[in-house]
Amino acid sequence: QVLLVESGGGLVQAGVSLRLSCAASGGAFSIYGMAWFRQAPGKEREFVAGISRSGINTVYADSVKGRFTISRDNDKNTVYLQTNTLRPEDTAVYYCTACSLGRGGYYGGDPSKYDFWGQGTQVTVSS
C-alpha cells in the first residue's frame, strides 16, 4: 500500500506560480508511474501531467503544456508539479496518483489505470 500526500496548494492571483509536491511512503517509489490530475467544482477529474518511473518521459494535457512542469526525485520519494502563469481556470483540487510496475507503470491520462490516489490539495487562482 502506498500513501500519497500532496502539499503546496493555496490561494493566489493570476499569473503567479506554485509548486505542488506529492510525498509517497509505503512502497518502492521508483517503480511507480506518477501523474497529477485535477478536479474543478462541477467537472470531471482531468489529467494534468504524467511522468515515467525514471523521470525521463513526461506527458502533459494541452491546457497546461508550456506552463506546468512535472518532475520527480526518486531519492526523496516525491513528485512535483511546477505550475507557472496560473489562470483562474486552473482552479481545482489537484491529486497525485501512482501506477505500480505490475500494471505497467502507466503515466497517461486514464484514471482507471492508477492504483493509489492522494487526498488532494486545493489551488485557487483569482483574477
Side-chain angles (χ1 to χ4, degrees):
Q1 187 74 16
V2 174
L3 178 63
L4 302 174
V5 179
E6 302 95 334
S7 61
L11 171 62
V12 297
Q13 289 189 326
V16 303
S17 302
L18 284 175
R19 189 174 82 155
L20 309 183
S21 299
C22 172
S25 61
F29 181 72
S30 63
I31 71 171
Y32 292 91
M34 303 292 297
W36 289 92
F37 282 72
R38 66 187 182 185
Q39 187 166 19
K43 296 187 177 180
E44 293 187 354
R45 192 169 297 191
E46 65 171 350
F47 175 77
V48 176
I51 188 166
S52 63
R53 293 179 292 121
S54 66
I56 292 175
N57 298 307
T58 57
V59 61
Y60 295 91
D62 288 343
S63 58
V64 305
K65 201 171 294 183
R67 298 188 299 123
F68 290 11
T69 303
I70 188 171
S71 61
R72 67 190 293 164
D73 185 335
N74 286 345
D75 291 333
K76 295 183 178 180
N77 291 354
T78 302
V79 63
Y80 304 97
L81 185 69
Q82 179 68 40
T83 66
N84 296 331
T85 321
L86 283 163
R87 303 167 180 169
E89 54 263 40
D90 294 318
T91 294
V93 178
Y94 284 70
Y95 297 92
C96 172
T97 185
C99 177
S100 66
L101 180 62
R103 297 186 68 185
Y106 180 77
Y107 57 97
D110 184 350
S112 70
K113 295 191 176 182
Y114 290 92
D115 300 293
F116 307 104
W117 292 83
Q119 292 300 305
T121 185
Q122 176 73 47
V123 172
T124 303
V125 185
S126 63
S127 57

Q: Would you check if the side chain of Glu6 reaches a backbone N or O of Gln119 as a donor-acceptor pair within less than 3.5 Å?
A: yes
(Q) So which atom in Ala35 and which in Tyr114 form the shortest heavy-atom distance, rounded to 0.1 Å? (A) CB-OH, 3.3 Å
Q. How far apart are the C-alpha atoms of Asp90 and Phe68, what are their side-chain angles, what is the distance that settles it, and do they pass the side-chain contact (heavy atoms from CB on, under 4.5 Å) test?
A. CA-CA 11 Å; Asp90 294 318; Phe68 290 11; 3.9 Å; yes
Q.
I'd like to know whether the aromatic ring centres of Phe47 and Tyr60 sit less than 6.0 Å apart in this structure.
A. no
Q | Least distance between heavy atoms, Ser126 atom then Pro88 atom | A | C-CG, 4.5 Å
Q) With distance as the sole test, does Thr78 use its side chain to make a donor-acceptor pair with the main-chain N or O of Lys76 at under 3.5 Å? A) yes
Q: Indicate, with yes or no, if Val64 and Leu81 share a hydrophobic cluster defined by side-chain heavy-atom contacts under 4.5 Å among Ile, Leu, Val, Met, Phe, Trp and Tyr.
A: yes
Q) Between Arg87 and Ser127, is there a donor-acceptor pair closer than 3.5 Å when you use the side chain of the first and the backbone of the second? A) no
Q. Do Met34 and Tyr94 share a hydrophobic cluster, counting only Ile, Leu, Val, Met, Phe, Trp and Tyr and linking them when any side-chain heavy atoms are less than 4.5 Å apart?
A. yes
Q: Over 60° means perpendicular and under 30° means parallel, so classify the ring planes of Tyr95 and Trp117, tilted if in between.
A: perpendicular
Q. Atom OG1 of Thr58 and atom NZ of Lys65: how far apart are they, to the nearest 0.5 Å?
A. 9.5 Å
Q) Are any non-hydrogen side-chain atoms of Phe116 and Gln1 less than 4.5 angstrom apart? A) yes
Q. Under the side-chain contact (heavy atoms from CB on, under 4.5 Å) criterion, do Val12 and Leu86 qualify, and how do the steps go?
A. CA-CA 8 Å; Val12 297; Leu86 283 163; 3.8 Å; yes
Q) Can you tell me if Thr124 uses its side chain to pair, donor with acceptor, with the backbone of Leu11 under 3.5 Å? A) no
Q: Could you tell me whether the side chain of Val93 reaches within less than 4.5 Å of the side chain of Thr121, counting heavy atoms only?
A: no
**Q.** Within-4.5 Å side-chain heavy-atom neighbours: Leu20 and Val123
**A.** yes
Q) Considering all heavy atoms of both residues, which atom of Ser52 and which atom of Ile56 are nearest to each other, and what is their separation? A) OG-N, 3.4 Å
Q | Pairs satisfying side chain to side chain donor-acceptor pair (under 3.5 Å), at least one member in residues 97-111, at least two apart | A | Ser100-Asp115, Arg103-Asp115, Asp110-Ser112
Q.
Under a 3.5 Å distance rule, please check whether Tyr80 uses its side chain to pair with a backbone N or O of Asp73 as donor and acceptor.
A. no
Q. Are Leu3 and Leu101 co-members of a hydrophobic cluster defined by side-chain heavy atoms under 4.5 Å apart?
A. no
Q.
According to a hydrophobic-cluster definition based on side-chain heavy atoms being under 4.5 Å apart (Ile, Leu, Val, Met, Phe, Trp, Tyr only), do Val79 and Ile31 belong together?
A. yes
Q: Nearest 0.5 Å please: distance from the OG atom of Ser25 over to the CG atom of Leu4.
A: 8.0 Å
Q. Do the side chain of Thr91 and the main chain of Val125 share a donor and acceptor less than 3.5 angstrom apart?
A. yes
Q) Passes side-chain contact (heavy atoms from CB on, under 4.5 Å), Ser71 versus Gln82? Steps please. A) CA-CA 8 Å; Ser71 61; Gln82 179 68 40; over 6 Å; no
**Q.** Selection residues 39-57 - residue pairs positive for salt bridge (Lys or Arg N to Asp or Glu O under 4.0 Å), sequence neighbours left out
**A.** Arg38-Glu46
Q: Determine, stepwise, if the pair Trp36 / Cys22 fulfils side-chain contact (heavy atoms from CB on, under 4.5 Å).
A: CA-CA 9 Å; Trp36 289 92; Cys22 172; 3.7 Å; yes
Q) Side-chain heavy atoms under 4.5 angstrom apart, residues restricted to Ile, Leu, Val, Met, Phe, Trp, Tyr: same cluster for Phe37 and Val5? A) no
Q: Supply the atom-to-atom distance Thr69 OG1 to Asn84 CG, rounded to the nearest 0.5 angstrom.
A: 6.5 Å
